[in-house]
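Remarks on the structure that follows.
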Amino acid sequence: EEQNALFKQGLGCLGTLYSHKYTWVLRLTSFPDGHTAEDQPEGTNVAKYFDRGWCFTEQSWAGLTKAGHLSLDLGLMRGGVEYDFDSLRDDCR
């Protein structure tokens, strides 16, 4: 019961986290190389990123208030590439 109350309290703050102009948003809009929806355990939500209401909401909050360079799409990462911060930012904008 206490854990549920804390979860609800935290959930109420997520809009602030995603829309704050200085926080980074990391999105995973597709499965990483070598992983497919068919390979996921039964019960896993494998709906496409933009078909999920919560993902759409998070991206919308982020897009309203922050500079675009603070929102990275980790789904754009390429397999076999070792990233540092600069290359990750360049590939995932």
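- Residues R93 and L72 come closest through the heavy atom pair CG-CD2, 4.0 Å.
- Note: M77 CE to L88 CG = 5.5 Å, rounded to the nearest 0.5 Å.
- Grouping Ile, Leu, Val, Met, Phe, Trp and Tyr by side-chain contacts under 4.5 Å, direct or through others, puts W54 with F7, L11, L14, L17, Y18, V25, W61.
- By the criterion of side-chain heavy atoms lying less than 4.5 angstrom apart, applied directly or through intervening Ile, Leu, Val, Met, Phe, Trp or Tyr residues, L26 is grouped together with L28 in one hydrophobic cluster.
- The nearest pair of heavy atoms linking G75 to S30 is O-OG, 3.2 Å.
- Judged by distance alone, with hydrogens and angles left aside, the side-chain atoms of T44 form no donor-acceptor pair with the main-chain N or O of Q40 at under 3.5 Å.
- With sequence neighbours excluded, the residues forming a side chain to side chain donor-acceptor pair (under 3.5 Å) with Y83 are D91, listed by chain and number.
- For T23, the side chain to side chain donor-acceptor pair (under 3.5 Å) partners at least two apart in sequence or on another chain are K66.
- Hydrophobic clustering of Ile, Leu, Val, Met, Phe, Trp and Tyr side chains at less than 4.5 Å, counting indirect connections, keeps Y22 apart from L64.
- Cluster note: V46 groups with F31 through ILVMFWY side-chain heavy atoms spaced under 4.5 Å, whether in direct contact or through intervening members.
- Of all non-hydrogen atoms in H69 and W24, the two that sit nearest each other are O-CZ3, 3.0 Å.
- The CG atom of L74 sits 8.5 Å away from atom OG1 of T29, with the distance rounded to the nearest 0.5 Å.
- The closest side-chain donor-acceptor pair between D90 and S87, if any, does not fall under 3.5 angstrom.
- Among residues two or more places apart in sequence or in another chain, the side chain to side chain donor-acceptor pair (under 3.5 Å) test is passed with S19 by none.
- Between D73 atom CG and Q59 atom CD the span is 8.0 Å, to the nearest 0.5 Å.
- Residue pairs meeting the salt bridge (charged side-chain N to carboxylate O under 4.0 Å, His left out) criterion with at least one partner in residues 40-52, sequence neighbours excluded, do not occur; the list is empty.
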